Chemist: 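Attaching a single structure in structure tokens format; questions to follow.
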Amino acid sequence: MTERHPTGTYVFGVMKMEVEGRDSERFGAIVASAVATLDKTFASEPRLRTRTLAFAGAHLTPGAGNYAPLDFLEIGLAEKLERDLPFLLIVTEVDLSSSSLAYTLALPSQLTNIAVLSTRRLDPEFWGDAPDPERTAGRLASLMLHCFGHLNALHHVSEPTNVMYALEGVQDLDGMTRLDADQLANIAHTLPREARERSTREGKPGFVLRMLFEDAGVIARAVARANPFRLLAMMPTMLAAALSVIVVLIFSAETWDVAAAVSVPQIGTFSLMCLASAAFVLYRAFAFDTLLSRD
């Protein structure tokens with residue numbers, strides 16, 4: 001059931017999502033301490049308040065020991081829509097996988113206003129040191145602030161003491177403890193815009209047209225910033241590269257050897273498999289419409 005919040009109030013949801021549940025009490029205490037730090041940081045912004053939630057029974061399957069952040073994002077999007085939350089941070093105790101690194105500490109998604117964070121490597125015990133729940137909570141609070149900054153369009157800075165510092169390791173979080181006055185002012189300014197989300201379950205064509213009309217100015221400015229005409233300038237180079245690849249494929253002996261050894265049904269089967277794989281990947285990435293229902 002959708003929950004409504006007072007007009008002018010922006011709820012910053014923090015959702016605990018335990019997967020393995022090895023030490024629930026300790027995990028809950030760390031998250032509670034981090035949320036208390038957030039409340040102190042945003043005490044000067046009366047429109048913003050935090051709310052701690054819990055999602056029980058997340059049945060996820062790890063890959064190579066880590067869990068995919070997109071799986072958490074999919075669950076979080078459904079919960080965010082149902083609870084009518086402008087922002088949602090999902091905190092889990094398991095490792096998060098990364099496409100290019102061994103792990104990731106967090107994945108903020110400005111498109112959905114959701115961030116997924118892991119406490120797994122924030123605990124000094126993970127690195128062979130003595131357990132330190134207070135230090136873990138401090139690191140988590142810094143990581144939460146960093147992600148919330150990204151959700152509100154804050155950029156990385158070069159100061160190691162600022163929460164928007166471009167951290168490279170867990171230890172960097174120990175010094176990332178503050179937001180300056182300009183950053184807080186930027187958050188206060190962007191809150192109404194970033195939290196202005198609307199969705200519908202019926203009458204979608206009319207809803208789309210109405211939103212396009214209401215947000216025409218914002219859309220025009222976004223298109224201008226994106227500068228799609230750059231693509232036209234890049235087309236000759238892209239076409240030349242594509243033609244070069246085609247020429248190499250056509251005139252290389254290996255291509256003809258493979259073509260001679262493969263039958264037409266095999267080529268058709270391979271092409272269908274490629275199309276199906278691409279369609280599945282696109283569906284997983286962009287099919288948010290299915291998440292409007294809990295069925």
Side-chain angles (χ1 to χ4, degrees), residues 60-74 76-77 95-116 118 146-147 149-151 153-158 164-169 172 194 204 208 211-212 215-291:
L60 304 176
T61 303
N66 294 351
Y67 291 79
L70 289 180
D71 290 338
F72 292 93
L73 188 65
E74 186 173 330
L77 184 56
D95 245 345
L96 299 176
S97 61
S98 171
S99 59
S100 58
L101 302 172
Y103 68 94
T104 185
L105 294 175
L107 175 67
S109 168
Q110 193 174 8
L111 174 65
T112 60
N113 276 353
I114 300 173
V116 184
S118 169
H146 186 90
C147 290
H150 280 304
L151 298 185
L154 292 186
H155 301 294
H156 285 152
V157 299
S158 58
M164 294 310 299
Y165 177 68
L167 70 156
E168 297 181 357
D172 292 335
E194 297 298 335
K204 295 180 182 179
V208 171
M211 293 302 102
L212 287 174
D215 297 333
V218 176
I219 294 172
R221 288 192 295 271
V223 171
R225 285 198 301 269
N227 191 10
F229 298 105
R230 287 182 302 176
L231 180 61
L232 297 177
M234 296 170 59
M235 284 298 291
T237 303
M238 296 169 63
L239 289 173
L243 289 174
S244 299
V245 173
I246 292 173
V247 169
V248 170
L249 289 175
I250 290 178
F251 291 100
S252 62
E254 291 82 0
T255 302
W256 290 101
D257 290 339
V258 172
V262 177
S263 64
V264 174
Q266 288 175 320
I267 293 176
T269 302
F270 178 74
S271 300
L272 289 175
M273 291 174 60
C274 292
L275 289 173
S277 299
F280 175 75
V281 171
L282 290 173
Y283 174 82
R284 289 280 293 173
F286 300 108
F288 295 128
D289 183 60
T290 60
L291 298 179

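The model shown is predicted, which means the values in this text are computed figures rather than measured ones.
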Chemist: Taking side chain as C-beta onward, heavy atoms only, is Leu96 less than 4.5 Å from Val116?
Modeler: yes
Chemist: Ignoring hydrogens and geometry, is there a side-chain-to-backbone donor-acceptor pair from Ser97 to Tyr67 under 3.5 Å?
Modeler: yes
Chemist: Please report the interatomic distance SG(Cys147) to CE(Met164), rounded to the nearest 0.5 Å.
Modeler: 8.5 Å
Chemist: Identify which one of Asn113, Thr112, Leu107 satisfies the side chain to side chain contact (heavy atoms under 4.5 Å, CB included) criterion when paired with Ser109.
Modeler: Thr112
Chemist: Quick one: CD1 on Ile267 to CG on Leu272, what's the gap to the nearest 0.5 Å?
Modeler: 12.0 Å
Chemist: What distance do Leu154 atom CG and His146 atom NE2 have between them, rounded to the nearest 0.5 Å?
Modeler: 10.0 Å
Chemist: For residues Ala261 and Gln266, report the shortest heavy-atom separation together with the two atoms involved.
Modeler: O-OE1, 4.2 Å
Chemist: Heavy-atom count around Tyr103 OH within 6.0 Å, excluding the residue itself: above 12?
Modeler: yes
Chemist: Just how far is it from atom OG of Ser118 to atom CZ of Phe72, taken to the nearest 0.5 Å?
Modeler: 8.0 Å
Chemist: Which heavy atom of Pro69 sits nearest a heavy atom of Thr104, and at what distance?
Modeler: CG-CG2, 4.3 Å
